[in-house]
Peer 1: 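Can you keep this structure in mind? I'll have questions shortly.
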Amino acid sequence: MVASPPPLTESELLARARDLAGSTLAEVALGLNRSVPGDLVHAKGWVGQTLELALGATAGSRDQPDFEQLGVELKTVPVGTGGRPSESTFVCTIPLLDVARSEWRESRVHRKLARVLWVPIQADPERPIAERLVGEPLLWSPSPEQDAALKFDWDTLAGLIGSGQIERVTGHLGAVLQVRPKGRNAADRRWGLDEDGVRVLQLPRGFYLRARFTEGILREHYLLPGDTAEPTRLRGRSRR
DNA sequence: CCGTGATCATTC
DNA sequence: GAATGATCACGG
């Protein structure tokens, strides 16, 4: 068995994803003739790319939905103990030169998040990559409230960047959406605009969903622990 | 060369 | 510990 052909419908995609739920990453990789890295230091995208292959995603690195035919984006999300996301979720890079002229409804963020297949992946650091489990998938579109929250942050952040105030845009801004570096390293540069509209080289950045926002998405669909109070268990104690 | 797949690792 | 800023591999 090798990579799957693209699914023809959302139902088919969802069915495939459900079939993978409960498998270990080693089992998924074995079916694809893929080896499993011992750690992710030099393979940070390995989990996402493996699931893309297993589910028949087609877009590669192009600025298109992973499942082009369906307009669906695939996102694996690492979850720790308690099933809560342990990382933010990368959405897309920011087109520094023309973000000023774009609008929310036409933005990359809006397009990417219009339809997302979330696949939680068990990712306790202690657990070897091979033994991590694939979780139950969730096919999601933003609720009106979620869309409004995303738009609010996007308007703010894109507005700052578009007006050349990118230096003021740190990871601290945004309730649900944030901007963080997204490049080869801190020396990487892309063309952007300064406050006078002059082309200047800037650190490339991307939009990310805060883990708390993703947690809310998962919580709508799954019953996550933590809803019930777990008052002071282990509070104030250190390990070992 | 750039965007996508993300997680790492240093700083709060 | 959590969050921000930095980093790594790959495909087209």
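We name chains A, B, ... by the order of the sequence lines, and we start the count at 1 in each one.
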Peer 1: Reading DNA chain B from 5' onward, which residue's closest nucleotide shows up sooner: A:R190 or A:D39?
Peer 2: A:R190
Peer 1: Does anything in residues 158-170 of chain A reach DNA chain B, meaning a heavy atom under 4.0 Å, and if so which residues?
Peer 2: none
Peer 1: Over all heavy atoms of both residues, which pair between A:V119 and A:G135 is shortest? Give the atoms and the distance, please.
Peer 2: CG1-O, 4.3 Å
Peer 1: Rounded to the nearest Å, what distance is computed from the CZ atom of residue A:R212 to the P atom of nucleotide C:dG1?
Peer 2: 17 Å
Peer 1: Identify whether any heavy atom of A:R189 sits under 4.0 Å from a base atom; if not, whether one sits that close to sugar-phosphate; answer base, sugar-phosphate or nothing.
Peer 2: nothing
Peer 1: For DNA chain B, which nucleotides open and close the run of contacts to chain A, 5' to 3', at under 4.0 angstrom from a non-hydrogen atom?
Peer 2: B:dC2 to B:dC8
Peer 1: What is the distance from NE2 of A:H172 to P of C:dA2, rounded to the nearest Å?
Peer 2: 16 Å
Peer 1: Name all pairs fulfilling the side chain to side chain donor-acceptor pair (under 3.5 Å) condition that reach into residues 199-214 of chain A, sequence neighbours left out, sorted by first residue then second.
Peer 2: none
Peer 1: Once salt bridge (charged side-chain N to carboxylate O under 4.0 Å, His left out) is applied, what residue pairs with a partner in residues 94-106 of chain A remain, sequence neighbours excluded?
Peer 2: A:E103-A:R105
Peer 1: Measure from CD on A:Q178 to P on C:dT4 and round the result to the nearest Å.
Peer 2: 5 Å
Peer 1: Any salt bridge between A:D147 and A:K151, counting N to O under 4.0 Å?
Peer 2: no
Peer 1: When you check every protein heavy atom under 4.0 Å of nucleotides 7-12 of chain C, what one-letter string (B, S, -) results, 5' to 3'?
Peer 2: BBS-BS
Peer 1: Taking 4.0 Å as the cut-off, does a side-chain nitrogen or oxygen of A:R205 come that near to OP1 or OP2 on C:dA6?
Peer 2: no
Peer 1: Check A:L113, A:V116, A:D153 against A:L209 for a side chain to side chain contact (heavy atoms under 4.5 Å, CB included) and give me the one that passes.
Peer 2: A:L113
Peer 1: Looking at A:K75 and A:D66, is any side-chain nitrogen of the basic one under 4.0 Å from a carboxylate oxygen of the acidic one?
Peer 2: no
Peer 1: With a 3.5 Å distance limit and no angle check, can you tell me whether A:R168 reaches the backbone of A:G164 through a side-chain donor-acceptor pair?
Peer 2: no
Peer 1: Please identify each residue that fulfils side-chain contact (heavy atoms from CB on, under 4.5 Å) with A:E27, with sequence neighbours left out.
Peer 2: A:S23, A:T24
Peer 1: On a heavy-atom basis, which atom in A:W191 and which in A:L96 lie closest, and how many Å separate them?
Peer 2: O-CB, 3.5 Å
Peer 1: Using a 4.0 Å heavy-atom cut-off across all strands, classify A:T76 as base, sugar-phosphate, or nothing.
Peer 2: sugar-phosphate
Peer 1: Minimum heavy-atom separation for A:G56 to A:F67, with atom names?
Peer 2: C-CE2, 3.6 Å
Peer 1: Under 4.0 angstrom, heavy atoms only, what part of the nucleic acid is A:E73 near: base, sugar-phosphate, or nothing?
Peer 2: sugar-phosphate
Peer 1: Is A:R190 salt-bridged to A:D188, cutoff N-O under 4.0 Å?
Peer 2: yes
Peer 1: When we call it a touch if two heavy atoms are under 4.0 Å apart, what does A:P204 touch: a base, just sugar-phosphate, or nothing?
Peer 2: nothing
